[in-house]
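In what follows, a structure is listed as C-alpha cells, so that the remarks can point back to it.
In each ligand, atom 1 is the first atom listed, and ligand 1 is the first ligand listed. Computed from a predicted structure; not experimentally measured.
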Amino acid sequence: MHVGAVEPGERALVVDDLIATGGTLCAAMDLLVKKCGSIIEGMECACIIELPELKVCIVWISK
Ligand SMILES: O=P(O)(O)OC[C@H]1O[C@H](OP(=O)(O)OP(=O)(O)O)[C@H](O)[C@@H]1O
Ligand SMILES: Nc1ncnc2[nH]cnc12
C-alpha cells in the first residue's frame with residue numbers, strides 16, 4: 001500500500017483475488033486502520049475466489 005493511497009474523507013474497498021485462510025485480507029484491513037483509521041469514513045472488503053473446502057468464515061473487527 002502506497003503512502004497517501006487513501007486520503008481523508010475517502011472510502012476504501014480492499015480486494016483480494018483469492019481467500020484461503022483470510023489472513024492476508026485481515027492484515028490488509030488492519031494495516032489500513034493502523035495507518036489511516038482516523039480518516040477513513042467507510043471500509044469494505046471483497047474477494048474474487050474462495051476455497052470452499054477450507055470453510056473459512058471471517059469476522060473482522062477494527063481494533
Ligand atoms: O487467505 P490467505 O490464506 O491469506 O491467502 C490468500 C492470499 O494468498 C495468495 O497470495 P500469495 O501469498 O500466494 O501471493 P501472490 O499474490 O503472489 O499469489 C492470494 O493472492 C491471496 O492474497
Ligand atoms: N491453499 C491455497 N491454495 C491456493 N492458493 C493459495 N494461496 C494461499 N493459500 C492458497
Side-chain angles (χ1 to χ4, degrees):
M1 185 174 74
H2 295 274
V3 173
V6 182
E7 299 293 344
E10 291 183 337
R11 295 172 58 83
L13 173 63
V14 180
V15 180
D16 201 349
D17 59 344
L18 178 142
I19 192 163
T21 67
T24 302
L25 194 52
C26 286
M29 300 282 279
D30 286 341
L31 183 63
L32 257 182
V33 167
K34 185 176 175 185
K35 293 295 180 189
C36 322
S38 62
I39 62 172
I40 292 182
E41 292 185 350
M43 289 176 59
E44 297 192 35
C45 66
C47 64
I48 310 301
I49 300 167
E50 73 165 323
L51 303 179
E53 65 272 22
L54 295 184
K55 296 184 170 60
V56 168
C57 174
I58 292 183
V59 177
W60 178 83
I61 298 172
S62 177
K63 297 169 199 153

Pairing residues for Glu53 by the salt bridge (charged side-chain N to carboxylate O under 4.0 Å, His left out) criterion, not counting sequence neighbours: none
Gly22-ligand 1 polar pair, N/O distance under 3.5 Å: yes
Atoms of ligand 1 close to Asp17 [distance to a heavy atom under 4.0 angstrom, numbered from 1]: 19 (C), 20 (O), 21 (C), 22 (O)
Minimum heavy-atom distance Cys47-Ile19, with the two atoms named: SG-CG2, 3.5 Å
Stepwise side-chain contact (heavy atoms from CB on, under 4.5 Å) test for Leu51 and Val56: CA-CA 8 Å; Leu51 303 179; Val56 168; over 6 Å; no
side-chain contact (heavy atoms from CB on, under 4.5 Å) involving Ile48 - partner list, sequence neighbours excluded: Val15
Polar atom proximity, Leu18 to ligand 1 (N or O, under 3.5 Å): no
For Thr21, atoms of ligand 1 separated by under 4.0 Å from a heavy atom: 1 (O), 2 (P), 3 (O), 4 (O)
Closest to atom 21 (C) of ligand 1 (judged by heavy-atom distance), picking from Asp16, Leu51, Ile48: Asp16
Nearest non-hydrogen partners of Glu10 and Ala5, listed with the distance: OE1-O, 3.9 Å
Ligand 1 atoms in contact with Ile19 (distance to a heavy atom under 4.0 Å): 1 (O)
